[in-house]
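To start, the structure under review is shown below, and the notes come after it.
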Amino acid sequence: MEILGRVPSEAEHAPPPAPPPVAYEGTWRFTAPALDSSVPQARHAVRDLLDHQRVPVDDELVESLLLIVSELVTNAVRHAALLSPEIAVEVSLSRDWVRIAVEDNHPYRPVALMADQGGTGGRGLLLVTAITEAAGGVYDVDHTASGGKIVWAALPLPGAATSPPPSR
């Protein structure tokens, strides 16, 4: 009998263990009335969460995230309040991504429109799309089982791996 080589054990065939979770990973969700006053409250809540969880973000990324949450909450307040007197803001943090999502009960998918030069509004989703793309992130809209929608953007954290952003 000729011995050709050692047969690897089952443990040697197993994939490497997943890295341990980082302290800031998790998902936080809060609701707010569909009122203008909820916009700054959402910004403050997101900033406080990032600080409290010690998420490794630089000032530029924080400002991008706060602008995204402002625009998404403003859109929900302005365009969905009639059918959605309450909105939900969700922040999901993973090792490599931060995802901001705003949910309302209005069924229509928002569309980024080119605003006229003299207008003072209407550029929010264009801004969200531009910020997200510039950061190497992802922006999308998902429908909920109850007939509403979730508008979300996920941005990579500094030094992020190329893994896909967290999905809902």
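No hydrogens, no waters, no symmetry mates; every other heavy atom, side chains included, goes into these values. Note that the structure is predicted; figures quoted are calculated from it, not measured.
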For a quick test of your reading: what N or O donor-acceptor pairs under 3.5 Å do the side chains of residues 52-61 make, sequence neighbours left out?
residue	atom	partner	partner atom	Å
Asp58	OD1	Glu60	N	3.3
Asp58	OD1	Leu61	N	2.8

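Atoms CG and CG, from Leu50 and Leu93 in turn, are 6.5 Å apart once rounded to the nearest 0.5 Å. To the nearest 0.5 Å, the span separating CG on Asn105 from CG on Leu83 amounts to 8.0 Å. Here Glu90 contributes atom CD and Ile150 contributes atom CD1; the two are 7.0 Å apart, rounded to the nearest 0.5 Å.
Residues that satisfy the side-chain contact (heavy atoms from CB on, under 4.5 Å) test with Thr132, not counting sequence neighbours, are Ile68, Val128, Tyr139, Ala153, Leu155. Shown here are the side-chain hydrogen bond (donor to acceptor under 3.5 Å, both in side chains) partners of Thr27, two or more places apart in sequence or in another chain: Ser92. Under the side-chain contact (heavy atoms from CB on, under 4.5 Å) criterion, Glu63 pairs with Arg43, Arg47, Leu66, not counting sequence neighbours. For Phe30, there are no ring-ring contact (aromatic ring centres under 6.0 Å, His included) partners at least two apart in sequence or on another chain. Here Ser37 pairs with Leu35 under the side-chain contact (heavy atoms from CB on, under 4.5 Å) rule; sequence neighbours left out.
The minimum heavy-atom distance linking Ala76 with Val102 is given by the pair CB-CG1, 4.0 Å. Nearest heavy-atom pair across Asp96 and Gly159 is OD1-O, 4.5 Å. Between Pro33 and Ser38, the closest heavy-atom pair is O-OG, 2.6 Å. Residues Gly124 and Glu71 approach most closely at CA-OE1, 3.1 Å, considering heavy atoms.
Within 6.0 Å of the CG atom in Asp51, the count of heavy atoms belonging to other residues, nucleotides or ligands exceeds 12.
When hydrophobic clusters are built by joining Ile, Leu, Val, Met, Phe, Trp and Tyr residues whose side-chain heavy atoms come closer than 4.5 Å, directly or via intermediates, Leu127 is grouped together with Leu65. Hydrophobic clustering, with ILVMFWY side chains joined whenever heavy atoms are under 4.5 angstrom apart, keeps Val141 apart from Tyr108. The hydrophobic clustering, which links ILVMFWY residues whose side-chain heavy atoms are closer than 4.5 Å, places Trp28 and Val69 together.
In this structure the side chain of Ile100 never reaches within 4.5 angstrom of the side chain of Trp152, judged on heavy atoms. For the pair Tyr24 and Val98, the minimum side-chain heavy-atom distance is 4.5 Å or more.
A donor-acceptor distance shorter than 3.5 angstrom exists from the side chain of Thr74 to the backbone of Ser70, with no hydrogens or angles considered. Between the Lys149 side chain and the His106 main chain, a donor and an acceptor come within less than 3.5 Å of each other. In terms of modelled atom types and a separation under 3.5 Å, the side chain of Ser84 and the main chain of Ala80 share no donor-acceptor contact.
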*Yes or no on side chain to side chain contact (heavy atoms under 4.5 Å, CB included) for Val89 and Arg29, after CA distance, side-chain angles and deciding distance?*
CA-CA 6 Å; Val89 177; Arg29 182 177 174 93; over 6 Å; no
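The salt bridge (Lys or Arg N to Asp or Glu O under 4.0 Å) pairs that include a residue from residues 131-141 are Arg109-Asp140, where partners are two or more places apart or lie in different chains.
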